[in-house]
A.B. asks: 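Structure incoming, see below.
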2 protein chains.
Amino acid sequence: MLELTIKKGLRATGRRMTRTRQAVLTLLERTRQPLSATEIFDQLHQEKVSIDLVTVYRTLHVLKELGLVVQLDLHQEGLSRYELKEGRKHHHHIRCQMCGHIVDLLLCPLKNVTKLIERQTQFIVDEHTLEFTGLCPECQ
Amino acid sequence: MLELTIKKGLRATGRRMTRTRQAVLTLLERTRQPLSATEIFDQLHQEKVSIDLVTVYRTLHVLKELGLVVQLDLHQEGLSRYELKEGRKHHHHIRCQMCGHIVDLLLCPLKNVTKLIERQTQFIVDEHTLEFTGLCPECQ
DNA sequence: TTCTTATTGCAAGTCTATTGCAAATATCAC
DNA sequence: GTGATATTTGCAATAGACTTGCAATAAGAA
């Protein structure tokens, strides 16, 4: 169970499971799109959950630190989005420029490329960001 | 000559070549690293060029519109960087997490992938962002 | 239930980037 | 060169994402 895993992770670092963290997690769990802090804030308020925007940011920060959540910086959006890892494989996204709809990509074409880059640049590669934009079927 | 090309581009859209635009361009031309607006502002001020930060932003916006400059959003930097196109091919970057040094990558492994994504998602792919982070040879 | 300590909300602040507007300046016609 | 006109600039103010300090609150262990 996801909730148990998370509780353990929190405990292990001297942290507590609280109503607000619960609320953020539940929302992320049932939402398919990666959410921004503001979107999480707005959505929870619509559901009459009282939470401060600062707390949303802090919660996301903690969840990211525990490796339970991934932070995305989509192409020129100027904000961060978050999605639960929850056993999902490393993947990328494509976002519609028109409607903002975000879809997961099932492939990551970069596994072989990393070695090539390391040889070429002498860097030790740590992370990569790969995000696409375009027009979704509805907006074409 | 780059300067002529730019002047033409400006003219063609009813714009003018000015001292400030000149200064931003010259700086971009002789700097190898992609620069942020603030960095451009600071550098020009160090060189006793009087320019407002707003003007830097507006200049970059215009140059981007003319297709003379590329806007980069590197992995979780929280700001945009700009570099001259100037006949250079489409490419990506890798940034050192330690010292911030940015190096060009000579390959783009995504040409074939785009078609695959279009088939898979039914999107029409327009752009992609691909940026790496890691440790540069000096920081390892 | 009580105590300790993490967590929260609020207010204020930071940083990147944008907008409105009057003043400055580039370009064109003369 | 001079003047007309339209673009560009600087300044002040503003927007929006995100952070920090601190007192009040709540989780969880005894």
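Keep in mind that the numbers below use all heavy atoms, side chains included, and drop hydrogens, waters and symmetry copies. Only a predicted model underlies this, so the values are computations on that prediction, with no experimental measurement involved.
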A.B. asks: Measure the distance from CZ on Arg15(B) to P on dT8(D) and round it to the nearest whole Å.
C.D. replies: 7 Å
A.B. asks: Within this structure, what is the CG-to-C1' distance between Asp73(B) and dT16(C), rounded to whole angstrom?
C.D. replies: 12 Å
A.B. asks: Between dT25(D) atom P and Arg19(A) atom CZ, what is the distance in whole Å?
C.D. replies: 14 Å
A.B. asks: Starting the side chain at C-beta, find the nucleotide from dT9(D), dA6(C), dC28(C) nearest to Arg16(A).
C.D. replies: dA6(C)
A.B. asks: Report yes or no: do Glu83(B) and His93(B) form a side-chain donor-acceptor pair below 3.5 Å?
C.D. replies: yes
A.B. asks: Looking at Arg30(A), I'd like to know if its CZ atom is crowded, meaning that more than 12 non-hydrogen atoms belonging to other residues, nucleotides or ligands lie closer than 6.0 Å.
C.D. replies: yes
A.B. asks: Taking side chain to side chain contact (heavy atoms under 4.5 Å, CB included) as the criterion, tell me which of Val103(B), Ile94(B), Leu105(B) meets it with Gln120(A).
C.D. replies: Leu105(B)
A.B. asks: Roughly how many Å is it from CD in Glu65(B) to P in dT7(D), rounded to a whole number?
C.D. replies: 14 Å
A.B. asks: Starting at the 5' end of DNA chain C, which residue's closest nucleotide do you reach first, Gly14(A) or Met17(B)?
C.D. replies: Gly14(A)
A.B. asks: To the nearest angstrom, how far is Gln71(A) atom CD from dC18(D) atom C1'?
C.D. replies: 11 Å
A.B. asks: When you measure from every atom of DNA chain C, which of residues 50-61 of chain A have a heavy atom less than 4.0 Å away?
C.D. replies: Ser50(A), Ile51(A), Asp52(A), Val54(A), Thr55(A), Arg58(A)
A.B. asks: Restricting to non-hydrogen atoms, name the atom on His128(A) and the atom on Leu110(A) that form the minimum distance, rounded to 0.1 Å.
C.D. replies: CD2-CD1, 3.4 Å
A.B. asks: Heavy atoms within less than 4.0 Å of DNA chain D: which residues of residues 36-47 of chain B have one? Give them sorted by number.
C.D. replies: none
A.B. asks: Would you say His91(A)'s side chain and Asp104(A)'s backbone share a donor-acceptor pair under 3.5 angstrom?
C.D. replies: no
A.B. asks: Looking only at side chains, do Ser36(B) and Thr38(B) share a donor and an acceptor under 3.5 Å apart?
C.D. replies: no
A.B. asks: Looking only at non-hydrogen atoms, find the nearest pair between Val56(A) and Ala37(A) and report the distance.
C.D. replies: CG1-O, 3.6 Å
A.B. asks: For a quick test of reading the model: is some side-chain N or O of Arg11(B) closer than 4.0 Å to OP1 or OP2 of dT7(D)?
C.D. replies: no
A.B. asks: Rounded to the nearest angstrom, tell me the gap between atom CG in Leu66(A) and atom P in dT7(C).
C.D. replies: 10 Å
A.B. asks: Over how many whole Å does the gap from Lys64(B) atom NZ to dT18(C) atom C1' extend?
C.D. replies: 14 Å
A.B. asks: Does Ser80(B) make a side-chain N or O approach to OP1 or OP2 of dA17(C) shorter than 4.0 Å?
C.D. replies: yes
A.B. asks: Within less than 4.0 Å of OP1 or OP2 of dT9(D), is there a side-chain N or O belonging to Thr18(B)?
C.D. replies: yes
A.B. asks: Taking all non-hydrogen atoms of both residues into account, name the closest pair between Cys96(A) and Cys99(A) and its distance.
C.D. replies: SG-N, 3.6 Å
A.B. asks: ring-ring contact (aromatic ring centres under 6.0 Å, His included) between His45(B) and Phe41(B): does it pass, once the steps are laid out?
C.D. replies: CA-CA 6 Å; His45(B) 272 249; Phe41(B) 175 80; 4.2 Å; yes
